[in-house]
Visitor: 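Below is the structure I would like to discuss, written out as structure tokens.
Just so it is clear: chains get the letters A, B, ... in the order the sequence lines come, proteins before strands, and each one is counted from 1.
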Amino acid sequence: MGLRLHNTLGRKTEEFKPLQEGRVGVYVCGPTVYGHAHLGHAKSYVSFDILVRYLRYLGFAVKDLPNFTDVGQLTDDADEGEDTLAVAAIKEHKHPMALAEYYTASYFKDMDELCCVRPDISPRATGHIPEQIALVKTLVDKGFAYEVNGSVYFEVARFPGYGKLSGRSVDEMQAGARVAVSTEKKHPADFALWKKAEPNHIMQWYSPWGWGYPGWHLECSVMSMKYLGETIDIHGGGIENQFPHHECEIAQSEAANGVPFVRYWLHNNMVTVNGRKMGKSLNNFINLKELFSGEHQLLSRPYDPLAVRQLILQSHYRSPIDFSDAALAAAQSGYDRIKDAVISVRKQIENAPDALACASVTCELDSLRQKFDEAMNDDLNTAVALSVIFELVKLANRLMDAGSATAGTLRAIEEMFNTLGGSVLGIVRNEYSQAGAADDALLDHLVGMMITQRQEARANKDFATSDAIRDKLLAFGVVLEDKPGGECTWRRK
RNA sequence: GGCGGCGUGGCCAAGUGGACUAAGGCGACGGUUUGCAAAACCGUUAUUCAUGGGUUCGAAUCCCAUCGCCGCCUCCA
């Protein structure tokens with residue numbers, strides 16, 4: 001059985017078959033760059049990073065396309081709606097484009113820390129204004145949209161499929177409408193394709209309807225169409241965007257093109273912090289820089305970015321995840337265990353007897369890989385896939401404890417760590433800054449001197465001195481470990 | 001008001017009709033090792049899956065009810 005994905009359109013887990021054999025286009029709704037990336041971004045983009053990595057592991061040529069929203073989206077549907085980017089720009093006394101640039105760089109830095117692979121293309125909304133205008137024109141020409149007073153609205157009543165993704169009907173929404181209805185619209189559910197700009201609006205472009213700026217949902221339709229085609233394989237995003245954002249994307253795209261817009265809709269669930277929705281006003285808002293530095297009142301310590309990644313992978317992307325200091329600490333411990341095992345395996349390869357891999361181990365590795373593939377094929381069950389990595393850790397440690405592993409065996413294990421833990425899950429690095437590494441040569445010598453002193457003290461049964469040396473080094477983050485043969489090794493804490 | 005989801009050991013979490021006498025991680029406890037540690041390994045840690053009914057030969061998994069929690073419906077991942 002190949003890869004099966006849960007398709008929000010239809011709410012079923014289906015066999016994944018791309019439109020073109022061997023090639024997959026993935027569009028992911030990216031961030032609005034008016035602030036630093038936070039835990040929610042981490043969950044979403046790690047989830048879709050895993051999708052892309054796994055598709056590549058399966059041999060697909062993947063075109064990966066998360067966008068940046070750098071023209072502010074409206075905060076509400078009314079005429080006086082404010083533009084989030086413009087509001088942030090005014091607060092920070094910067095041009096919106098400078099702001100977008102700054103936070104785009106910040107976003108990439110954080111995603112690099114989380115080991116998310118860089119996208120093939122990161123299209124910006126402001127770079128696609130002519131295309132957006134063209135799409136609005138098409139929709140007007142085809143009778144799906146109407147102009148009122150310099151703004152253009154999509155007429156939902158003309159598109160019968162509206163609501164098929166989110167399972168809502170236009171009538172229900174009208175009944176539950178909490179937003180003041182714009183007087184310009186024919187129907188409350190109609191949404192803006194193009195908005196007329198007031199003279200003081202900073203970001204505006206000239207269009208057939210006068211000066212204005214694009215509506216909320218247009219960029220995703222336009223950019224996915226431009227780079228991936230009229231029908232795309234996979235569109236991902238946060239579950240909160242299911243409605244109205246994705247529903248509107250479908251309406252615009254399908255009305256304009258007359259073909260299905262997206263074949264598989266994937267939505268990741270939300271994060272909570274200590275069991276509550278994360279929000280700026282709730283005093284539980286944690287961004288990634290705070291998480292990595294530990295500088296936040298809800299955190300007891302800094303966390304390794306990959307420990308955060310591991311925590312995300314420990315639950316399913318469609319389940320909500322609760323971030324708490326305890327959960328992060330537990331993930332950090334587990335992550336350290338994997339990291340230590342990988343480092344040990346790599347170190348031991350040089351000293352191990354030079355012989356081929358042991359057949360029984362090869363056999364065990366095969367079954368682990370099979371278990372891993374089955375888990376990932378089942379709608380990207382990373383929790384089970386990660387458990388395979390822990391089984392690999394146990395196997396590796398057991399073999400190293402026994403001291404009989406050949407270089408071939410250890411290389412086979414390392415290869416599994418690199419492929420499954422590294423290439424697919426992204427929690428195993430190619431290199432760790434550790435004892436013996438080139439950039440640590442000086443440190444290795446210095447710690448080596450301390451170890452020699454301590455060994456002398458131990459030989460004289462001067463344990464007060466030997467323990468003092470160990471404690472002092474620990475205070476600097478250097479852990480000493482005595483091995484059975486009397487040898488002592490060190491590692492970073 | 002409408003829509004959706006969740007409740008599994010001390011904590012996180014997978015499993016969603018039979019191989020479940022419930023994976024994995026964290027933690028705790030005991031053992032091996034150690035001068036003592038650390039790390040690693042071995043073992044123990046849920047007869048039970050919010051509660052009460054029901055369907056079934058069989059239910060953590062399906063149905064109904066009750067309680068509790070969360071999210072979306074407004075820019076948001």
Visitor: Report the residues that fulfil side chain to side chain donor-acceptor pair (under 3.5 Å) with A/Y34, sequence neighbours left out, ordered by chain and then residue number.
Guide: none
Visitor: Using the C1' atoms only, state how far B/C6 lies from B/G15, rounded to an integer number of Å.
Guide: 15 Å
Visitor: Using a 4.0 Å heavy-atom cut-off to protein, can you give one letter per nucleotide of nucleotides 29-38 of chain B, 5' to 3': B if the base is in contact, S if only the sugar-phosphate is, - if neither?
Guide: ------BBBB
Visitor: Given that A/L311 and A/D378 both sit by RNA chain B, which one's nearest nucleotide is further toward the 5' end?
Guide: A/L311
Visitor: For the pair made of CD1 in A/I239 and P in B/C73, what is the distance, rounded to whole Å?
Guide: 11 Å
Visitor: Find which nucleotide of RNA chain B each of A/E240 and A/N397 is nearest to by heavy atoms, and output the residue with the more 5' nucleotide.
Guide: A/N397
Visitor: How would you list, by chain and number, every residue that makes a side chain to side chain donor-acceptor pair (under 3.5 Å) with A/T409, sequence neighbours excluded?
Guide: A/T406
Visitor: Name the closest nucleotide to the A/D401 side chain, picking from B/A77, B/C41, B/G71.
Guide: B/C41
Visitor: Given A/C488, which partner from the list A/R454, A/E481, A/M450, A/K483 fulfils the side-chain contact (heavy atoms from CB on, under 4.5 Å) test?
Guide: A/R454
Visitor: Go through RNA chain B and write down every stem, that is, every run of at least three consecutive Watson-Crick or G-U wobble pairs with distances under 3.5 Å, as range with range.
Guide: B:1-7 with B:67-73, B:10-12 with B:24-26, B:27-32 with B:40-45, B:50-54 with B:62-66
Visitor: Between P on B/C41 and CG on A/L399, what's the gap in Å once rounded to a whole number?
Guide: 11 Å
Visitor: Taking atom P in both B/C69 and B/C64, compute the distance separating them and give it to the nearest angstrom.
Guide: 22 Å
Visitor: The criterion is side chain to side chain donor-acceptor pair (under 3.5 Å); which residues satisfy it with A/K277, sequence neighbours excluded?
Guide: none
Visitor: When the distance from CG of A/N274 to P of B/G71 is rounded to whole Å, what number comes out?
Guide: 13 Å
Visitor: Just checking A/E240: does its CD atom have more than 12 heavy atoms from other residues, nucleotides or ligands closer to it than 6.0 angstrom?
Guide: yes
Visitor: Between A/Y153 and A/K186, is there a cation-pi geometry (under 6.0 Å to ring centre, at most 45° from the normal)?
Guide: no
Visitor: Can you tell whether the side chains of A/D340 and A/R337 come within less than 4.0 Å, N to carboxylate O?
Guide: no
Visitor: Roughly how many Å is it from CD1 in A/I343 to P in B/A40, rounded to a whole number?
Guide: 12 Å
Visitor: Using side-chain contact (heavy atoms from CB on, under 4.5 Å) as the criterion, list what pairs up with A/N269, not counting sequence neighbours.
Guide: A/K43, A/I239, A/P320
Visitor: Does anything in residues 305-316 of chain A form a salt bridge (Lys or Arg N to Asp or Glu O under 4.0 Å)? List the pairs, not counting sequence neighbours.
Guide: A/D49-A/R309
Visitor: Would you say A/N269 places a side-chain N or O within less than 4.0 Å of OP1 or OP2 belonging to B/G5?
Guide: no
Visitor: Quick check: closest heavy atoms across A/L311 and A/I321, and the distance to 0.1 Å?
Guide: O-CD1, 3.3 Å
Visitor: Write down the distance separating the P atoms in B/G43 and B/U48, rounded off to the nearest Å.
Guide: 24 Å
Visitor: Quick one: A/H245 NE2 to B/C73 P, roughly how many Å, whole number?
Guide: 13 Å
Visitor: Using the rule given for ring-ring contact (aromatic ring centres under 6.0 Å, His included), can you reason through A/H217 versus A/H246, listing the C-alpha separation, both sets of side-chain angles and the distance that settles it, and then say yes or no?
Guide: CA-CA 8 Å; A/H217 317 294; A/H246 293 157; 9.2 Å; no
Visitor: Does a side-chain N or O of A/R398 approach OP1 or OP2 of B/C42 to a distance below 4.0 Å, or not?
Guide: yes
Visitor: If the condition is ring-ring contact (aromatic ring centres under 6.0 Å, His included), which residues does A/F68 pass it with, not counting sequence neighbours?
Guide: A/Y107, A/F108
Visitor: Is the phosphate of B/A14, meaning OP1 or OP2, less than 4.0 Å from a side-chain N or O of A/S319?
Guide: yes
Visitor: Could you check how far CG of A/L165 sits from P of B/C72, rounded to whole Å?
Guide: 17 Å
Visitor: With rounding to whole Å, what would you report as the distance between B/A37 and B/A19 at their P atoms?
Guide: 43 Å
Visitor: Check residues 385-392 of chain A and write down every donor-acceptor pair under 3.5 Å in which the side-chain atom is one partner and the other belongs to a residue at least two apart or another chain.
Guide:
residue : atom : partner : partner atom : Å
A/S387  : OG   : A/V384  : O            : 2.6
A/E391  : OE2  : A/K371  : NZ           : 2.5

Visitor: Using ring centroids (six-membered ring only for Trp), state whether A/F285 and A/H38 fall under 6.0 Å.
Guide: yes
Visitor: How is A/H267 classified with respect to the nucleic acid when contacts are heavy atoms under 4.0 Å: base, sugar-phosphate, or nothing?
Guide: nothing
Visitor: Between B/U32 and B/A23, how many Å separate the two P atoms, rounded to a whole number?
Guide: 27 Å
Visitor: Can you sort out which residues in residues 109-125 of chain A have a heavy atom within less than 4.0 Å of RNA chain B? Ascending by number, please.
Guide: none
Visitor: Under the side-chain contact (heavy atoms from CB on, under 4.5 Å) rule, collect the residues that match up with A/A352, sequence neighbours excluded.
Guide: A/A407, A/L410
Visitor: Rounded to whole Å, how long is the line connecting atom OH of A/Y103 with atom P of B/A77?
Guide: 14 Å
Visitor: If the P atom of B/G30 is compared with that of B/A39, how far apart are they to the nearest Å?
Guide: 15 Å
Visitor: P atom, B/G52 versus B/U8: distance in rounded Å?
Guide: 16 Å
Visitor: Between A/R4 (CZ) and B/G15 (P), how many Å, whole number?
Guide: 12 Å
Visitor: When the P atoms of B/G18 and B/G54 are compared, how many Å lie between them, rounded to an integer?
Guide: 23 Å
Visitor: OP1 or OP2 of B/G2 versus the side-chain N and O atoms of A/S166: is any pair under 4.0 Å?
Guide: no
Visitor: Check the interface with nucleotides 21-28 of chain B: list each N/O to N/O pair with the protein under 3.5 Å, or write none.
Guide:
residue : atom : partner : partner atom : Å
B/C26   : OP1  : A/R337  : NE           : 3.3

Visitor: Please name the pair of heavy atoms, one in A/A307 and one in A/A331, separated by the smallest distance, quoted to 0.1 Å.
Guide: O-CB, 3.6 Å
